[in-house]
Amino acid sequence: MYRIKTFNKIAPQGLARLDPGRYQVGEDVEAEEGILVRSANLLDYPLPESLLAIARAGVGVNNIPLERCSKKGVAVFSTPGANANAVKELVLCAMLISSRDVTGAVRWVKNQAASGVEVETVVEKGKSAFVGPELYRKALGVIGLGAIGSLVANVALDLGMDVYGFDPFLSVDAALRLDRHVHVVRDVNELYKKADYITAHIHFNEKTRHMIGPAAFAAMKPGVRLINLARGGIVDEEAVLAALDAGKVTAYVTDFPTNNLVANPHVVAMPHLGASTPESEQNCAVMAAEELRDYLENGNIKNAVNLPDVYLDRSGAQRLCVFHKNIPAMLASITALLSRDGVNVENLSNKSKGDYAYTLVDLGTEVEPAVLEEVRKLKGVIRVRTIR
């Protein structure tokens with residue numbers, strides 16, 4: 001029976017994918033082989049030796065000690081696309097809020113009523129303070145054209161907007177999802193020069209930290225409206241506040257509030273609502289549970305952050321799963337050991353991602369423990385397990 005420890009509340013639709021006859025699941029599980037998590041901070045969590053995989057019901061993994069997991073041979077999964085529609089809808093809301101100051105208008109009406117004024121007598125005069133432009137025929141810049149960015153780009157076209165997209169790592173799948181009328185630019189500065197609205201949908205890492213900073217704001221059109229529902233660190237906070245004060249940026253809508261941002265009257269800050277829908281939470285939980293199950297039961301990998309996608313239909317008597325460093329001759333070393341012991345390799349797959357790689361080997365017969373130990377001792381091998 002596989003032991004799965006949960007952090008946060010995981011949607012029951014996801015937990016239902018883990019057969020109670022094969023899985024022990026709960027917050028109190030110890031010596032776990034798998035973890036299901038949403039936003040709980042695992043950065044200082046002591047990873048047990050038994051742990052094989054962590055699946056996050058969400059996209060970002062900044063709450064997971066990724067490098068520590070990789071060094072211990074722990075696969076880390078995320079759920080790209082599962083919350084895409086929820087975030088897309090909130091981006092549409094953010095664009096409207098940034099244009100029409102809906103939140104400020106609602107607050108003004110409530111304040112009028114609280115002051116004892118008959119609201120209906122002042123609304124016609126007061127509404128002029130909240131006039132803002134329509135989205136129709138304006139230009140939207142989308143930074144990052146993955147699962148969320150491509151949805152945002154396509155729906156903006158339906159609103160009659162002119163859409164520019166930038167993604168230096170645009171995949172074939174993402175390109176196929178894009179409407180042909182989206183202008184994909186190779187230089188983000190071209191997007192900055194044209195966009196009336198800009199929305200970011202990229203991962204947060206050291207390369208994207210403060211990507212939208214002083215130089216980016218200098219390249220933008222005056223009066224641009226900026227939306228960040230991706231990660232707070234993508235936007236340089238001091239730079240965006242300076243751009244707001246200077247009037248270069250008209251409004252900043254973010255899902256990552258800080259005290260400094262909230263104090264600025266031109267900032268609309270939300271409490272990380274991007275994926276906060278029942279549908280999104282269910283989708284993420286189901287995808288995370290299925291990724292974890294397939295890895296534990298079959299060794300297959302899909303949507304791992306620290307390993308490549310590797311999938312093989314089951315064949316043979318035993319499956320060998322090797323988590324190793326991405327170094328030359330590793331596959332040859334593994335197969336040489338198996339051949340020396342007279343084990344027939346029926347099927348295999350070997351792929352790499354960055355500094356790490358993963359090898360699946362289906363064997364015609366079960367391998368002797370001594371051979372497995374030799375594989376474990378190969379230079380660069382981090383973890384070896386077998387599945388029958």
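Residue numbers run from 1 in the order of the sequence given.
Sorted pairs that involve residues 240-255 and meet salt bridge (charged side-chain N to carboxylate O under 4.0 Å, His left out), not counting sequence neighbours, are lacking altogether. Listed by first then second residue, pairs satisfying salt bridge (charged side-chain N to carboxylate O under 4.0 Å, His left out) with a partner in residues 145-158 number zero, not counting sequence neighbours.
Residues Asn306 and Val61 have side chains not in contact (no heavy-atom distance under 4.5 Å, counting atoms from C-beta outward). With contacts defined as side-chain heavy-atom distances shorter than 4.5 Å, the pair Val37/Leu42 qualifies. Between Val224 and Leu226 there is no side-chain heavy-atom pair separated by less than 4.5 Å. In this structure, the side chains of Asn85 and Asn283 stay at 4.5 Å or more apart for every pair of heavy atoms. Between Leu135 and Leu140 the shortest side-chain heavy-atom distance does not fall below 4.5 Å. Residues Arg68 and Val74 are not in side-chain contact: their nearest non-hydrogen atoms beyond the backbone lie 4.5 Å or more apart.
With sequence neighbours left out, Leu176 forms a side chain to side chain contact (heavy atoms under 4.5 Å, CB included) with Val172. Not counting sequence neighbours, Glu30 has no partner by the side chain to side chain contact (heavy atoms under 4.5 Å, CB included) test. Residues that satisfy the side chain to side chain contact (heavy atoms under 4.5 Å, CB included) test with Ser39, not counting sequence neighbours, are Asn8, Arg56. Considering only residues two or more places apart in sequence or on other chains, Arg177 meets the salt bridge (Lys or Arg N to Asp or Glu O under 4.0 Å) condition with none of them. With sequence neighbours left out, the salt bridge (Lys or Arg N to Asp or Glu O under 4.0 Å) criterion links Lys221 to Asp196. Taking the side chain to side chain contact (heavy atoms under 4.5 Å, CB included) definition, one finds that Thr121 meets it with Val117, Glu118, sequence neighbours left out. Partners of Phe217 under the ring-ring contact (aromatic ring centres under 6.0 Å, His included) rule, at least two apart in sequence or in another chain, do not exist in this structure. Among residues two or more places apart in sequence or in another chain, the salt bridge (Lys or Arg N to Asp or Glu O under 4.0 Å) test is passed with Arg107 by none.
Among the candidates Arg137, His183, Lys138, Lys194, the single residue satisfying the side chain to side chain donor-acceptor pair (under 3.5 Å) test with Asp162 is His183. The one candidate from Asn298, Thr386, Leu363, Asn347 that meets the side chain to side chain contact (heavy atoms under 4.5 Å, CB included) condition with Arg319 is Asn298.
Enclosure of atom CD in Glu67 by more than 12 non-hydrogen atoms of other residues, nucleotides or ligands within 6.0 angstrom is indicated. Taking a 6.0 Å sphere around CD of Glu238, one finds it holds 12 or fewer heavy atoms contributed by other residues, nucleotides or ligands. In Lys193, the NZ atom is not crowded: 12 or fewer heavy atoms of neighbouring residues, nucleotides or ligands sit closer than 6.0 Å.
With respect to the salt-bridge test (charged N to carboxylate O, under 4.0 angstrom), the residues Lys377 and Glu374 do not qualify. Between Glu32 and Arg3, no side-chain nitrogen of the basic residue sits less than 4.0 Å from a carboxylate oxygen of the acidic one, so the salt-bridge criterion is not met. Under a 4.0 Å N-O distance rule, the pair Glu281/Arg38 qualifies as a salt bridge. Residues Lys72 and Glu49 are paired through a salt bridge, judged by an N-O separation under 4.0 Å between the basic side chain and the carboxylate.
Judged by distance alone, with hydrogens and angles left aside, the side-chain atoms of Gln318 form a donor-acceptor pair with the main-chain N or O of Val367 at under 3.5 Å. A donor-acceptor pair is defined here as one N or O able to donate and one able to accept, closer than 3.5 Å; such a pair exists between the side chain of Thr208 and the backbone of His203.
Under the 3.5 Å distance criterion, with hydrogens and angles disregarded, a donor-acceptor pair is assigned to the side chains of Thr359 and Asn350. Side chains of Asp179 and His181: a donor on one and an acceptor on the other come within 3.5 Å.
Within the 6.0 Å centre-distance limit, the rings of His272 and Phe256 are counted as a close aromatic pair.
The hydrophobic cluster containing Ile10, built from Ile/Leu/Val/Met/Phe/Trp/Tyr side-chain heavy atoms closer than 4.5 Å, also comprises Tyr2, Ile4, Leu15, Leu18, Tyr23, Val25, Leu36, Leu52, Phe77, Leu292, Tyr295, Leu296, Ile301, Leu307, Val310, Leu312, Phe323, Tyr356, Tyr358, Leu360, Ile382.
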Atom pairs and distances, side-chain donor-acceptor, residues 209-216, under 3.5 Å, sequence neighbours left out:
unit_1, atom_1, unit_2, atom_2, d
Arg209, NE, Glu206, OE1, 3.4
Arg209, NE, Glu206, OE2, 3.4
Arg209, NH2, Glu206, OE2, 2.9

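Side-chain heavy atoms closer than 4.5 Å link hydrophobic residues (I, L, V, M, F, W, Y) into clusters, and following such links, even through other members, never connects Val102 to Val109.
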